[in-house]
S.K.: 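My questions all concern the structure below.
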There are 2 protein chains.
Amino acid sequence: MAASLLKHDVFQAIADPTRRQLLRLLGEQEMPVTAISGHFPMSRTAVSKHLRILADAGLVKPRKVGRETRYRLEPEPLLELKRWLSYYERFWENKMSALQRYVESDESDGA
Amino acid sequence: MAASLLKHDVFQAIADPTRRQLLRLLGEQEMPVTAISGHFPMSRTAVSKHLRILADAGLVKPRKVGRETRYRLEPEPLLELKRWLSYYERFWENKMSALQRYVESDESDGA
DNA sequence: ACTATATAACACCTTTTGGTTTCATGTCAA
DNA sequence: TTGACATGAAACCAAAAGGTGTTATATAGT
């Protein structure tokens with residue numbers, strides 16, 4: 001189902017603060033472009049282009065309702081980000097365990 | 001890229017695939033620039049500029065050892081990414097939310 | 001059918017990004 | 001000191017990103 005022919009990947013899509021705000025907004029509620037652009041200090045066309053990039057990354061999905069096109073959040077691509085991030089969990093887990101080992105060895109040394 | 005007065009944030013830093021590879025590499029092992037650039041199909045200077053961006057975001061840290069500058073991964077800033085991502089956990093944890101949004105928007109249609 | 005609205009598509013401009021080559025500086029080793 | 005090596009800095013360039021306004025098209029309401 002998930003097409004891998006995406007022009008923009010999720011990493012690049014969320015790099016822009018405006019697009020992160022868009023995701024936050026569309027997570028709250030499905031909205032058409034005109035209503036969305038009311039929340040941003042830029043033209044509707046600019047917002048539309050950001051939406052296009054998010055759509056290319058699979059992060060939002062349009063739905064036509066009459067003459068409107070409502071956009072909604074599609075959170076699934078964020079799982080790729082989550083998976084990427086999970087690789088680095090061990091680094092701050094290791095730091096934690098290193099501190100724990102230090103404290104524990106200090107205690108066991110005294111004994 | 002010439003003048004980067006603003007510090008790069010972690011979102012922008014990880015947007016580039018080369019920089020993600022750099023993080024992966026430096027997670028394995030602390031390395032100097034010349035050794036790093038052997039892993040990439042670009043000039044040493046280009047790698048150095050990517051390292052600069054990662055350093056601005058706090059994701060890598062240089063350590064001078066003689067005439068070398070060894071870079072190592074600094075995973076802490078990734079916690080900001082993890083925190084940002086955690087907001088969206090509810091969307092894939094609560095699969096009903098998509099249906100709820102659909103029903104709510106359908107009602108506002110007056111259909 | 002006509003008019004107003006929503007939005008996509010197009011053309012264009014400016015800034016940023018990712019890359020290059022060249023040069024300067026600093027460090028190790030004869 | 002001389003020379004080789006490691007790195008950063010500067011100048012430059014092509015391409016992409018981010019913005020603008022202006023159409024074009026389809027739909028809603030009258």
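Chain naming here is simple, since letters A, B, ... match the order of the sequence lines and numbering starts at 1 in each.
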S.K.: What's the CG-P distance between D56(B) and dG8(D), to the nearest Å?
M.R.: 13 Å
S.K.: Is R44(A) touching bases, backbone alone, or none of the nucleic acid, heavy atoms closer than 4.0 Å?
M.R.: base
S.K.: Could you check how far NZ of K64(A) sits from P of dT25(D), rounded to whole Å?
M.R.: 14 Å
S.K.: Measure from the side-chain heavy atoms of R67(B) and tell me the nearest of dA11(D), dC5(D), dG18(D).
M.R.: dC5(D)
S.K.: Would you classify S43(B) as touching base, sugar-phosphate or nothing, given that sugar-phosphate means primed atoms plus P, OP1 and OP2, and contacts are heavy atoms under 4.0 Å?
M.R.: base
S.K.: What is the distance, to the nearest angstrom, from the CZ atom on R20(A) to the C1' atom on dG18(D)?
M.R.: 15 Å
S.K.: Should the pair R20(A) and F11(B) be classed as cation-pi, given the thresholds of under 6.0 Å to the six-membered ring centre and 45° from the axis?
M.R.: yes
S.K.: It should be established whether S48(A) places a side-chain nitrogen or oxygen under 4.0 Å from OP1 or OP2 of nucleotide dA8(C).
M.R.: yes
S.K.: I need the CD1-C1' distance between I14(B) and dG18(C), as an integer number of Å.
M.R.: 18 Å
S.K.: Of the listed nucleotides (dA10(D), dA17(D), dA8(C)), which one gets closest to any side-chain atom of H8(A)?
M.R.: dA17(D)
S.K.: Examine dT7(D): is either OP1 or OP2 under 4.0 Å from a nitrogen or oxygen in the side chain of R52(B)? Give yes or no.
M.R.: no
S.K.: Does the side chain of T34(B) get closer than 4.0 angstrom to OP1 or OP2 of dT7(D) through an N or O atom?
M.R.: yes
S.K.: If you only use heavy atoms from C-beta on, which nucleotide in dG18(D), dT7(C), dT22(C) is closest to the side chain of E68(A)?
M.R.: dT7(C)
S.K.: Counting just side-chain N and O atoms, does Q12(A) come under 4.0 Å of either OP1 or OP2 of dA16(D)?
M.R.: no
S.K.: Using a 4.0 Å heavy-atom cut-off across all strands, classify F40(B) as base, sugar-phosphate, or nothing.
M.R.: nothing
S.K.: Judged by each residue's nearest nucleotide on DNA chain D, which is more toward the 5′ side, R70(B) or T18(A)?
M.R.: R70(B)
S.K.: Which of the following nucleotides, dT7(D), dG21(D), dT20(C), is nearest to the side chain of V33(B)?
M.R.: dT7(D)
S.K.: Roughly how far apart are R70(A) CZ and K64(A) NZ, rounded to 0.5 Å?
M.R.: 12.0 Å
S.K.: Quick one: which of dT7(C), dC10(C), dG19(C) gets closest to the side chain of H50(B)?
M.R.: dG19(C)
S.K.: I want to confirm an ordering. Mapping K49(A) and G66(A) to their closest nucleotides on DNA chain D, which one lands closer to the 5' end?
M.R.: K49(A)
S.K.: Side chain of T69(A): nearest nucleotide among dT20(C), dT7(C), dG18(D)?
M.R.: dT7(C)
S.K.: What is the nucleic acid contact for R19(A), judged by heavy atoms within less than 4.0 Å: base, sugar-phosphate only, or nothing?
M.R.: sugar-phosphate
S.K.: Whole angstrom is fine here: how far is it from CG in L22(A) over to P in dG19(D)?
M.R.: 10 Å
S.K.: So among H50(A), Q21(A), M31(A), which one has a side-chain contact (heavy atoms from CB on, under 4.5 Å) with I36(A)?
M.R.: M31(A)
S.K.: Report yes or no: is the cationic atom of R83(A) (NZ for Lys, CZ for Arg) under 6.0 Å from the centre of the six-membered ring of Y87(A), at an angle within 45° of the ring normal?
M.R.: no
S.K.: Looking only at side-chain atoms of Y71(B), point me to the closest of dG18(C), dG8(D), dA8(C).
M.R.: dG8(D)
S.K.: Nearest 0.5 Å, please: how far is CG in L81(A) from CD1 in I14(A)?
M.R.: 4.5 Å
S.K.: Give a yes or no answer on whether the side chain of R19(B) reaches the backbone of A13(B) with a donor-acceptor pair at less than 3.5 Å.
M.R.: yes
S.K.: Can you tell me the distance, in whole Å, between the CG atom of D16(B) and the C1' atom of dG18(C)?
M.R.: 8 Å
S.K.: What integer distance in Å separates I53(A):CD1 from dA9(C):P?
M.R.: 14 Å
S.K.: Atom CG of L51(A) to atom C1' of dG18(D): distance rounded to whole Å?
M.R.: 14 Å
